[in-house]
Amino acid sequence: MHWSDVIGERLVSSKTPLHVVNTGITPSGEFHIGHLREILTGEMIVRGIRAQGGDARFCFVVDSADPLRKVYDFLDEAYEQYVGVQLFRIPPPDADGRPDMAAFSSGRTYADHFLEPFLEALKILGVQPELVYNHTEYLTGRYVEHIRTAIRERDKVRDIIERISGRDLPEDWWPFTPVDERGCQTGLQVSHVEGDLIHWVADDGRTGACDITKGEGKLPWRLDWPAKWCNLGVTCEPFGKDHGAAGGSYDTGKELCELLGGTPPEGLTYEWISLRGEGAMSSSSGNTVGPIEALRLVPPEILRYLIASTKPSKAIEFDTGMGLVTLADAYERLLRHDLEAKLEDPEISRRQRVSIEDDIVSTRLSSVADTGERPSAVGVTFRHLAMLVQIRDDDEAVWAMMPEDVGARSEFDARVRRMRHWVNSDHFPEEMRIAVRDAPDAERLSNLAEEEKPLHGALVKQLSDAIASGSWNEATLSRCIPDAAREVEQPLRSAYRLTYELILGVDVAPKLAPLLAAMDPSKALWLITGEPQQAS
RNA sequence: GGGCCUGUAGCUUAGUCAGGUAGAGCGACGGACUCUUAAUCCGUCGGUCGCGGGUUCGAACCCCGUCAGGCCCGCCA
């Protein structure tokens, strides 16, 4: 059973009429594909719940009330003044990483700056969560009761955190993080509580008070999370393995949630995504592939397939090179096969059955539109398209090579655009690059095996004829090689292999006819014969 | 120190929760295909299930130990 159905079934059996699947991310820097796993895992759980006959809301809490932790590498030193200040209260960086005050005064915040492109990526991926800005929840008093309870039960809160996480909290610890008038939490210490006013004193002697009914200050993370669960009625939430470890914030959150009067959600821990050969992704190290960048390389379905087909507990190494082709191959192969029909086969083993069923669900989840259907097979594979855009610079010419059933032009154009972007990027693997030889392979030509000689002669004749008859086009050329092979009664494979070796220097390559047709005929014949040709 | 996750064929992995002869894809190799060959189809090769014990008629699976990688116990998904 597919992981999304396993958790879907568990949730549905709990009898709650409407589930709430929640996700959350702090918009402190550039989003990367690791964050995509959080959201996509959540969205796939929602689909799993529906597939099992239940219903669910899907929320995405933007942790806009969190503070800026430090001046990240991509930020100018000018951000030093904002360290400790809540993200919704600081200006967005401009192209140079400097605070963009003009944008800020028109209402655009630091949080917005990083969130917007991510939301754009989600739209392309067909993910549409209900957005919840955490700072708005604080400002509108949604957490007032939770804060009151936490303050009232301060000792119990402390006990839970110390007992489960094993860390020692200082004597003057309070389950509340106050902020000053700038929204900065650095250097503040709660002095005393007076009703809904949390009084604080700063390192430099300043004093003040936060009115919790006005959303001033916030709960510390370990309480903030369970308070969100209570606020939204969350019944399931996927989270990164950092939160999932024993003694981590999910463990303490469960008990704190009950203390706050709620029921803790089902948790699902997922592993991190790393870049192949680069280690874990981190917003601050700049070692990232953003969701937008990823979507400029690969179709959204394939990105979804990567998440859907990998169990959450498995780490993913995102490979922007050859791995992308392998992934696309696997995905497209599944689409081509009639998996439902395979299930009908009484011969298959129980294990094969399970595996086919998982493939069906994985491909269904890969569909951007939540229709419950599997996407139909693509007219041109990722791999083949990679070749086509290399031999044709003109998109119109690539389109002309498409079969009838390739689908909508707009979708095709998007695929070609992404493919050209990939081919031109340094992610593109060398082994996929098609390069016609600059000059004939003299050594190969002079060392033709005995049985290759008649074949070679037939090839030369066929291609010369094509030039002579003025029919150097794909239709004619696609006949030349097989005809030559037949003429001398040699296997087709040998004929293609020899031609590839002479033209490209490799023995296996994409379809030959379009490649030849796109070449200058005299150049092609020159490479085959080894003798300079008259320009035709 | 305490804990969690992962370790299965050259590569990616299923199977571990409910113990019952180790499955798949890619790659490799071989074959088929008289408009294709990065396509499709068929076949072959390939696994000490990290390692060592234990429980059991029977262990990849349960238990104990151990090694390796990652992570958490400090608001990095």
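Nothing here was measured: the structure is a model prediction, and the numbers come from that model. Basis for what follows: all heavy atoms, side chains included, without hydrogens, waters or symmetry-related copies. Here is how names work: the chains are called A, B, and so on, in the same order as the sequence lines, proteins then strands, and each is numbered from 1.
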Notebook entry, point to check: B/rA60 and B/rC49: how far apart are their C1' atoms, nearest whole angstrom?
Noted result: 5 Å
Note to self: On RNA chain B, compare the nucleotides closest to A/Ile316 and A/Leu477; which residue's is nearer the 5' end?
What the structure shows: A/Ile316
Checklist line | P gap between B/rA24 and B/rC41, integer Å | finding: 15 Å
Item checked: A/Asp66 side chain to A/Gln86 side chain, donor-acceptor N/O pair below 3.5 angstrom -> no
Checklist line | Euclidean distance, atom CG of residue A/Asp359 to atom C1' of B/rG15 [Å, nearest integer] | finding: 14 Å
Checklist line | Pair A/Glu171 + A/Arg154: basic N to acidic O under 4.0 Å | finding: no
Notebook entry, point to check: For B/rU40, which nucleotide in any strand shown is its Watson-Crick or wobble partner with both distances under 3.5 Å?
Noted result: B/rA32
Notebook entry, point to check: Just how far, in rounded Å, is P of B/rU12 from CG of A/Leu334?
Noted result: 19 Å
Item checked: Euclidean distance for C1', B/rC5 against B/rG10 (whole angstrom) -> 26 Å
Next item on the list: May I ask you to check whether A/Ser64 and A/Asn134 show a side-chain donor-acceptor distance below 3.5 Å?
Entry: no
Check: What interatomic distance, in whole Å, is found between P of B/rA28 and the corresponding atom of B/rC71?
Finding: 34 Å
Check: Of all the nucleotides listed (B/rC5, B/rA77, B/rC75), which has the minimum atom distance to the side chain of A/Asp66?
Finding: B/rC75
Check: Within the structure, does a side-chain N or O atom of A/Lys314 lie under 4.0 Å from either OP1 or OP2 of B/rU12?
Finding: no
Check: According to the Watson-Crick and G-U wobble definitions, with both distances under 3.5 Å, which nucleotide is paired to B/rC4?
Finding: B/rG70
Check: So, is A/Arg333 near the phosphate of B/rC26, with a side-chain N or O under 4.0 Å from OP1 or OP2?
Finding: yes
Item checked: Separation of atom OH in A/Tyr270 from atom P in B/rA77, rounded to whole Å -> 8 Å
Next item on the list: Taking atom C1' in both B/rU16 and B/rU8, compute the distance separating them and give it to the nearest angstrom.
Entry: 11 Å
Note to self: I need the CZ-C1' distance between A/Arg37 and B/rC76, as an integer number of Å.
What the structure shows: 17 Å
Checklist line | Among B/rC5, B/rC75, B/rC72, the nucleotide that comes nearest once only the side chain of A/Gln185 is considered | finding: B/rC75
Check: Counting side-chain heavy atoms from CB outward, which of B/rC71, B/rA77, B/rC75 is closest to A/Thr26?
Finding: B/rA77
Next item on the list: Identify which nucleotide among B/rA77, B/rG70, B/rC35 has an atom closest to any side-chain atom of A/Pro482, counting heavy atoms from C-beta outward.
Entry: B/rC35
Check: Has the side chain of A/His146 got a donor or acceptor atom that lies under 3.5 Å from a matching backbone atom of A/Leu223?
Finding: no
Notebook entry, point to check: Out of B/rC75, B/rC5, B/rA77, which nucleotide sits closest to the side chain of A/Glu271?
Noted result: B/rC5
Next item on the list: Take atom CZ of A/Phe239 and atom P of B/rC5, then tell me their distance rounded to the nearest Å.
Entry: 12 Å
Next item on the list: Could you label the plane-to-plane angle of the A/Phe114 and A/Phe74 rings as parallel, tilted or perpendicular, counting under 30° as parallel and over 60° as perpendicular?
Entry: perpendicular
Note to self: For B/rU12 and A/Thr326 - does any side-chain N or O of the residue sit under 4.0 Å from the phosphate oxygens OP1/OP2?
What the structure shows: no
Note to self: Check the phosphate of B/rC5 against A/Lys311, side-chain N and O only, distance under 4.0 Å to OP1 or OP2. Yes or no?
What the structure shows: no
Next item on the list: With the side chain of A/Ile273 defined as its heavy atoms from C-beta on, choose the nearest nucleotide among B/rA77, B/rC75, B/rU36.
Entry: B/rA77
Next item on the list: Indicate whether any N or O donor in one side chain lies under 3.5 Å from an N or O acceptor in the other, for A/Asp224 and A/Tyr138.
Entry: yes
Next item on the list: With a 3.5 angstrom cut-off on both distances, give the Watson-Crick or G-U wobble partner of B/rU55, or none if there isn't one.
Entry: none
Note to self: When the P atoms of B/rG23 and B/rG47 are compared, how many Å lie between them, rounded to an integer?
What the structure shows: 14 Å
Checklist line | Rounded interatomic separation in angstrom, taking NZ from A/Lys70 and P from B/rC75 | finding: 15 Å
Checklist line | Closest-nucleotide 5' rank along RNA chain B - winner of A/Thr310 and A/Asp329 | finding: A/Thr310
Next item on the list: Please confirm whether A/His243 and A/Trp221 have ring centers closer than 6.0 angstrom.
Entry: yes
Check: Over how many whole Å does the gap from A/Leu327 atom CG to B/rC11 atom C1' extend?
Finding: 14 Å
Checklist line | Rounded distance (Å) that lies between atom P of B/rA77 and atom OH of A/Tyr250 | finding: 19 Å
Next item on the list: With P as the reference atom in both, quote the distance from B/rA68 to B/rG46 in angstrom, rounded to an integer.
Entry: 32 Å
Next item on the list: Tell me the partner of B/rC26, counting only Watson-Crick (N1-N3 plus N6-O4 or O6-N4) or G-U wobble (N1-O2 and O6-N3) with both under 3.5 Å; none if nothing fits.
Entry: B/rG10
Check: Mind checking the P distance from B/rU21 to B/rU36? Whole angstroms is fine.
Finding: 43 Å
